[in-house]
**Q** 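Please find one structure pasted underneath; my questions will follow.
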Amino acid sequence: MNDLHAPVLRWYDEHARELPWRSPSATPWSVMVSELMLQQTPVARVLPVHEQWLERWPTPASLAAEPAGEAVRMWGRLGYPRRALRLHAAATAIVEHHGGEVPADHADLLALPGVGDYTAAAVAVFAHGRRHAVLDTNVRRVHARVLDGVELAPQSVTRAERERATDLLPRDDADAATWSVAVMELGALVCTAQRPRCGACPVADACAWRAAGHPAYDGPPRRGQAWAGTDRQCRGRLLAVVREADGPVPRPRLDAVWPEQAQRERCLASLLADGLLVRDGEDYALP
DNA sequence: TATACGTGGCC
DNA sequence: TGGCCAAGTAT
């Protein structure tokens, strides 16, 4: 145990949110579903969808048995709907290659659609108790501040950063898992990107960033996410029409939600290419 | 490695 | 008020 473990673990024990996927009765599938949904998406918005999802599809096999379009519809307005397709494809792969059970090995998880390095680690650790570093944006920000004395972590993860995160893990598997979720929670609730609550931080006294006077980020400029008028907005509008319709949608109803024809055509084509929509004559529908 | 990919809440 | 941000992945 290093000097950070005890205060962070104690803080987590006292302040952690009770979330369904952290329940002792949560299944690996519940954890995996939560991780896909939480990618770039706030907890508050995931909560109701996760509950409905698990009620309808309590196992990978139950989801794999349905058309992918049902997953897209249930995904609702969570955003990045390709994740719904990937989760459905992952469920299918789990049935085909893992006997319907969410695998525990990082490499097996990484091979599943929609599962990258972070999610593979999160499922291995939080669903199966494996000992593995979990590096998400929260953990990276906490490490950057406490250990490096900078406001934000670099854009990409280096080998050194990963090795340090692994070195920081408590020796015991269960403690290591709790440590990872605790650091994530600390980043989500206290060591936030904006307006960090250093007064509530269990390791404020050990924080290099605080000791340095909270120097502002001075790295390369980080690109914002363009939205208005972008293909992303257009795709979102088009897919929302089909998702919220009872059946196949005639083309004019799609034309009505986006004025620029060229962009509309391009986005419709990309939605078809992604498999988020299928065309049936003059109508469009979920797959 | 840089970019595309949804949505909505916050200050 | 609009830019920033939220448990990333795929290409």
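No hydrogens, no waters, no symmetry mates; every other heavy atom, side chains included, goes into these values. Protein chains get the first letters and strands the later ones, always in sequence-line order, with residue 1 at the start of each.
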**Q** Under 4.0 Å, counting only non-hydrogen atoms across every strand here, what does A:D274 touch: a base, just sugar-phosphate, or nothing?
**A**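 The answer is nothing, as A:D274 stays clear of every strand by at least 4.0 Å.
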**Q** Identify whether the distance between the nearest side-chain nitrogen and carboxylate oxygen of A:R253 and A:E282 falls below 4.0 Å.
**A**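 Salt bridge absent between A:R253 and A:E282.
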**Q** Identify whether any heavy atom of A:R45 sits under 4.0 Å from a base atom; if not, whether one sits that close to sugar-phosphate; answer base, sugar-phosphate or nothing.
**A**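 Contact class for A:R45: base.
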**Q** Can you find a side chain N or O atom of A:T192 that sits less than 4.0 Å from OP1 or OP2 on C:dC5?
**A**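 A:T192 to C:dC5 OP1/OP2: no side-chain N or O under 4.0 Å.
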**Q** Rounded to whole angstrom, note down the P distance from C:dC4 over to B:dT3.
**A**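 Going atom to atom, P in each nucleotide, I get 16 Å.
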**Q** Would you say that A:Q155 contacts A:R222 through its side chain, given a criterion of any heavy-atom pair below 4.5 Å between the two side chains?
**A**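 A side-chain contact under 4.5 Å is absent here.
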**Q** Look at A:Q40 and C:dG8 and indicate whether a side-chain polar atom (N or O) is within less than 4.0 Å of OP1 or OP2.
**A**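 For A:Q40, the contact criterion (side-chain N or O under 4.0 Å from OP1 or OP2 of C:dG8) is met.
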**Q** Determine the contact category for A:S34: base if any of its heavy atoms lies under 4.0 Å from a base atom, sugar-phosphate if only primed atoms, P, OP1 or OP2 are that close, otherwise nothing.
**A**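 If one applies the 4.0 Å heavy-atom cut-off, A:S34 turns out to touch nothing in the nucleic acid.
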**Q** Contact class for A:G79 vs. all strands (heavy atom < 4.0 Å): base, sugar-phosphate, or nothing?
**A**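 Contact class for A:G79: base.
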**Q** Does A:T41 get its side chain close enough to the base of C:dG8, under 3.5 Å, for a donor-acceptor pair?
**A**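 Per atom types, no contact qualifies.
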**Q** Need one value for A:T230: base, sugar-phosphate or nothing, where a base atom within 4.0 Å counts as base even if backbone is also close, heavy atoms only.
**A**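 Nothing: the residue A:T230, judged by heavy atoms under 4.0 Å, touches no strand.
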**Q** How would you label the contact of A:R232 with the nucleic acid (heavy atoms, under 4.0 Å): base, sugar-phosphate, or nothing?
**A**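 Since a base atom lies under 4.0 Å of A:R232, the category is base.
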**Q** Quick check: on DNA chain B, is the nucleotide nearest A:R82 upstream (toward 5') of the one nearest A:R77, or the reverse? Name the residue that is more 5'.
**A**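 With A:R77 and A:R82 compared, the 5'-side residue is A:R82.
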**Q** How do A:G236 and A:Q155 order along DNA chain B: which one's closest nucleotide is nearer the 5' end?
**A**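 The residue whose closest nucleotide sits nearer the 5' end is A:Q155.
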**Q** Would you indicate what A:L36 reaches in the nucleic acid, counting non-hydrogen atoms under 4.0 angstrom: base, sugar-phosphate, or nothing?
**A**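 Result for A:L36 = nothing.
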**Q** Please give the distance between the P atoms of B:dG6 and C:dT11 as a whole number of Å.
**A**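 The answer is 14 Å between these two P atoms.
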**Q** Does B:dC11 have its OP1 or OP2 closer than 4.0 Å to a side-chain nitrogen or oxygen of A:R195?
**A**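 No, A:R195 has no side-chain N/O under 4.0 Å of OP1/OP2 on B:dC11.
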**Q** How is A:W75 classified with respect to the nucleic acid when contacts are heavy atoms under 4.0 Å: base, sugar-phosphate, or nothing?
**A**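 Nothing: the residue A:W75, judged by heavy atoms under 4.0 Å, touches no strand.
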**Q** Would A:R73 and A:E66 pass as an ion pair if we require N to O under 4.0 Å?
**A**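 Not counted as a salt bridge, because no side-chain N and carboxylate O are separated by less than 4.0 Å.
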**Q** Quick check for you: among C:dC5, C:dG8, C:dA10, whose closest atom lies nearest to any side-chain atom of A:Q194?
**A**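 Shortest atom-to-atom distance from the side chain points to C:dC5.
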**Q** Of the listed nucleotides (C:dG8, C:dA7, B:dG6), which one gets closest to any side-chain atom of A:E185?
**A**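 So the side chain of A:E185 is nearest to C:dA7.
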**Q** Heavy atoms under 4.0 Å, any strand shown: does A:V115 hit a base, just sugar-phosphate, or nothing?
**A**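 Result for A:V115 = sugar-phosphate.
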**Q** Should A:R17 be listed as having a side-chain N or O under 4.0 Å from OP1 or OP2 of C:dA7?
**A**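 No, because none of the side-chain N or O atoms of A:R17 sits under 4.0 Å from OP1 or OP2 of C:dA7.
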**Q** Between the main-chain N or O of A:V33 and the side-chain N or O of A:W21, is there a donor-acceptor pair closer than 3.5 Å?
**A**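 Such a contact is absent between A:W21 side chain and A:V33 backbone.
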**Q** If you measure from CZ on A:R82 to CG on A:L239, what distance do you get to the nearest 0.5 Å?
**A**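 The distance works out to 11.5 Å.
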**Q** Carefully, step by step, assess A:Y12 and A:L186 under the rule side-chain contact (heavy atoms from CB on, under 4.5 Å).
**A** CA-CA 8 Å; A:Y12 182 74; A:L186 188 62; over 6 Å; no
**Q** More 5' along DNA chain C: A:V181 or A:P113, using each one's nearest nucleotide?
**A**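 Its nucleotide being nearer the 5' end, the pick is A:V181.
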**Q** For C:dC5 and A:R222 - does any side-chain N or O of the residue sit under 4.0 Å from the phosphate oxygens OP1/OP2?
**A**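 Checking A:R222 against C:dC5: at least one side-chain N or O falls below 4.0 Å of OP1 or OP2.
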**Q** Look at all strands and tell whether A:R22 reaches a base, only sugar-phosphate, or nothing, counting heavy atoms closer than 4.0 Å.
**A**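 Base contact - A:R22 has a heavy atom under 4.0 Å of at least one base atom.
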**Q** Look at A:E244 together with A:R77 and state whether they make a salt bridge at an N to O cut-off of under 4.0 Å.
**A**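 A salt bridge links A:E244 with A:R77.
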**Q** What nucleic acid atoms does A:Q225 come within less than 4.0 Å of, heavy atoms only: base, sugar-phosphate, or nothing?
**A**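 Base: the residue A:Q225, judged by heavy atoms under 4.0 Å, touches a nucleobase.
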**Q** Out of B:dC5, C:dT9, C:dA6, which has the shortest distance to the side chain of A:A193?
**A**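 Looking only at side-chain atoms, A:A193 lies closest to C:dA6.
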**Q** Give me the distance, rounded to whole Å, that separates B:dA4 from C:dA7 when you measure between the P atoms they each carry.
**A**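 Pairwise P distance, B:dA4 against C:dA7, rounds to 23 Å.
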**Q** Give me the distance, rounded to whole Å, that separates C:dC5 from C:dT1 when you measure between the C1' atoms they each carry.
**A**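 My reading of the C1' atoms in C:dC5 and C:dT1 gives 16 Å.
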**Q** Regarding A:L19, tell me which of base, sugar-phosphate or nothing describes its non-hydrogen contacts under 4.0 Å with the strands shown.
**A**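 A:L19: base contact, heavy atoms under 4.0 Å.
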